[in-house]
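Single-structure report; data block below.
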Amino acid sequence: MRSMMAVAMMLWLGVNTVCAQALTAITPGEVWPDDKGEHINAHGGNVMYHEGTYYWYGENRPARGFTTEVGVGVYSSKDLMNWKNEGVALAVSETKGDVIERGCIMERPKVVYNPTTKKFVMLFHLELKGRGYEAARVGFAVSDTPTGPFKFIRSLRPNAGKWPMDFTKRDIKRAMALDEAKYKEWWTPEWRRAVDEGLLLKRDLPGGQMSRDMTVFVDDDGTAYHIHSAEENLTLNIAELTPDYLDYTGRYIRLAPGGHNEAPTIFKRNGVYWMITSGCTGWDPNEARMFKSKSMWGPWEQLPSPFRGEGANKSFYTQGTYIFKIEGTDQYIFMADRWIPRSLKNSRHIWLPIEYDTDGTPLLFWKDSWTVDN
Ligand code: DGJ
């Protein structure tokens, strides 16, 4: 009996040693085990560095279904390869009727640190329970610590009553004169012009602009921007946040009206802002787009996709979610999801180092395996 117990103990130890073995590489598209051997359940999220540790936030997704049953998960790491499950950063509410009630949809959470308020601020795409994707809101939550628990503050549609800062009086007058009833058919030249001129922008003005896929970008001067798909996902908005990152200053611009961009990701290098987005094809991959500008307020220039090689026309079967810098280096990592809609929990994480053309334009090449030089 004693020897049987000893064998069982050795087997148990063996299994746990395998699970706990340190990872020495990032293997895009493979199962990415956390400290407990479970595939990391943090999708559509971001990585934030704070005081020597990286934190990875993302959608905790169920094995089946499309709604949020748990909330936003958080993991921590020192080397970007080995991640400890830190639990739930923002939990769904168990109270019926709450805006973040279990069964709502929380997508694309992004956490940033505000050094002035000393708070960790989370923005995320929120859809109300049982209402599909019609609410199109952004949610705000805060915490005193990176792993939470985050406290939900409120949700809204950004910039109610505000015209984009680059809209002149003439632009406003022209937008006000547009009649939605005349543009029932999408993608006609007339409809495209009307969208560009503010057909849906005007429609959403009273209640605020729609906010679905999104990211948050903090500039070198500490100013934060919420970049979100608005106008039925047809137009991206770049909206400045207040110094506490919990509201809008009312300053925003539209990027690529009618361009149908989702999944915005952005970084700044050598004074240039680079934005990589996707098209809109639900959970299916499509060809990425890229934009560049010397200022957040534009003008933004559209460039070809940064993906190169086999599968580039489908962005290696991924959709971007965030770009972050390895602390103390000039190395940026492009984080993306390879969605598995029949089991979102098992969607794969595709992390690739950003490379550059001779003129500094970002490029993405597939890698089966690569190591982070910390
Ligand atoms: C694409 C978005 O990028 C995802 O975050 C998610 O909203 C799916 N669409 C839903 O179809």
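When a ligand or atom number is given, it counts from 1 through the structure's own listing order. Residue numbers start at 1 and run along the sequence shown.
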Inset, instruction - May I ask you to check whether Arg108 has an N/O atom sitting below 3.5 Å from an N/O atom of ligand 1? - result: yes
Inset, instruction - Determine whether the side chain, the backbone, both or neither of Arg212 has a heavy atom under 4.0 Å from any heavy atom of ligand 1. - result: neither
Inset, instruction - Report yes or no: does a heavy atom of Gly282 sit under 4.0 Å from some atom of ligand 1? - result: yes
Inset, instruction - Of all the heavy-atom pairs spanning Arg254 and Pro257, show the shortest one and how long it is. - result: NH2-CB, 3.7 Å
Inset, instruction - Measure from atom 3 (O) of ligand 1 to every heavy atom in Thr321, Asp213, Thr277 and give the option owning the shortest one. - result: Asp213
Legend entry - Heavy-atom gap Phe66 to ligand 1 smaller than 4.0 Å: no
Inset, instruction - Number the atoms of ligand 1 from 1 as they appear, then name those within less than 4.0 Å of a heavy atom of Glu107, with their elements. - result: 4 (C), 5 (O), 6 (C), 7 (O)
Legend entry - Ionic contact status for Asp219 with Lys268, cut-off 4.0 Å: yes
Legend entry - Criterion side chain to side chain donor-acceptor pair (under 3.5 Å) against Arg203, the qualifying member of Glu232, Glu231, Gln209: Glu232
Legend entry - Side chains of Thr265 and Met275 in contact at under 4.5 Å (non-hydrogen atoms): no
Legend entry - Polar proximity ligand 1 side, Gln319 side, N/O cut 3.5 Å exclusive: yes
Legend entry - Pair Lys78, Thr53: side-chain N/O donor-acceptor within cut-off below 3.5 Å: yes
Inset, instruction - Report the residue from Trp32, Tyr322, Tyr332, Tyr54 that forms a ring pair (Phe, Tyr, Trp, His ring centres under 6.0 Å) with Trp351. - result: Trp32
